[in-house]
Amino acid sequence: MLNLDDIETLFARFGAEQYSGEPVTQLEHALQTAHLAEQSGADDALVTACLLHDLGHLLNRQGETPTLRGIDDTHQYFALPFLRGLFPEAVLDAIRLHVDAKRYLCQANPGYLAKLSDDSKRSLALQGGVFDATQATAFLAQAGARDAVLLRQWDDLAKQAEFATPSLAHFLGRAARCALMPVAQTTLA
Ligand SMILES: [Fe+2]
Ligand SMILES: [Fe+2]
């Protein structure tokens with residue numbers, strides 16, 4: 001299990017890497033997603049899920065734009081064992097479901113698919129494609145699905161060059177507020 005200092009170290013070590021096919025780094029994408037959530041009044045758990053939703057990319061690094069090589073890095077699952085015990089299920093559920101939320105939104109919102117970035121369209125196919133109506137209903141019945149849909153919509157907007165956000169320390173402070181005891185007793189808490 002990671003602690004908050006480990007997460008800070010991961011972003012320090014790998015956060016400057018480019019987000020595949022997008023004009024932002026991994027850290028910028030994380031901060032922008034969390035910032036958009038915060039601006040919308042999301043609670044600590046959802047802001048934290050937004051900050052960490054792509055942490056799996058940093059833990060399971062596949063090099064430049066793996067979707068072009070037909071690789072699905074399953075990043076929505078990869079970070080979960082490292083975060084379980086540190087954060088409540090609400091944080092883990094939103095991270096776990098953020099890829100399925102894209103598959104859901106493509107089914108539920110006409111026009112959503114066309115607006116996805118090229119890399120998101122490529123990964124969609126590798127991740128199983130658009131849900132059918134039955135799959136969409138089953139998705140929404142899961143705990144955390146609504147938060148995952150919100151996360152996904154901020155995620156899609158968090159790929160902007162030159163977009164000012166609060167610092168990583170600010171969002172780790174919010175993460176500390178929803179961390180489970182006794183891990184909350186960190187230097188950031
Ligand atoms: Fe993602
Ligand atoms: Fe993302």
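Both ligands and their constituent atoms are indexed starting at 1 by order of listing.
- Taking backbone and side chain together, Asp54 holds an N, O or S atom under 2.8 Å from the Fe ion (ligand 1).
- For the pair OD1 of Asp155 and NE2 of His29, the angle at the Fe ion (ligand 2) is about 80°; rounding is to 10 degrees.
- Seen from the ring of Tyr77, Arg96 does not count as a face-on cation partner, given the 6.0 Å and 45° thresholds.
- Within 6.0 Å of CZ in Arg13 there are 12 or fewer heavy atoms belonging to other residues, nucleotides or ligands.
- Remark: aromatic rings of His57 and Tyr19 are close, center separation under 6.0 Å.
- Taking backbone and side-chain atoms together, His98 has no N/O/S atom less than 2.8 Å away from the Fe ion (ligand 2).
- Residues His35 and His170 keep their aromatic ring centres 6.0 Å or farther apart.
- For a distance bound of 2.8 Å, the N, O or S atoms of His75 include one lying that close to the Fe ion (ligand 1).
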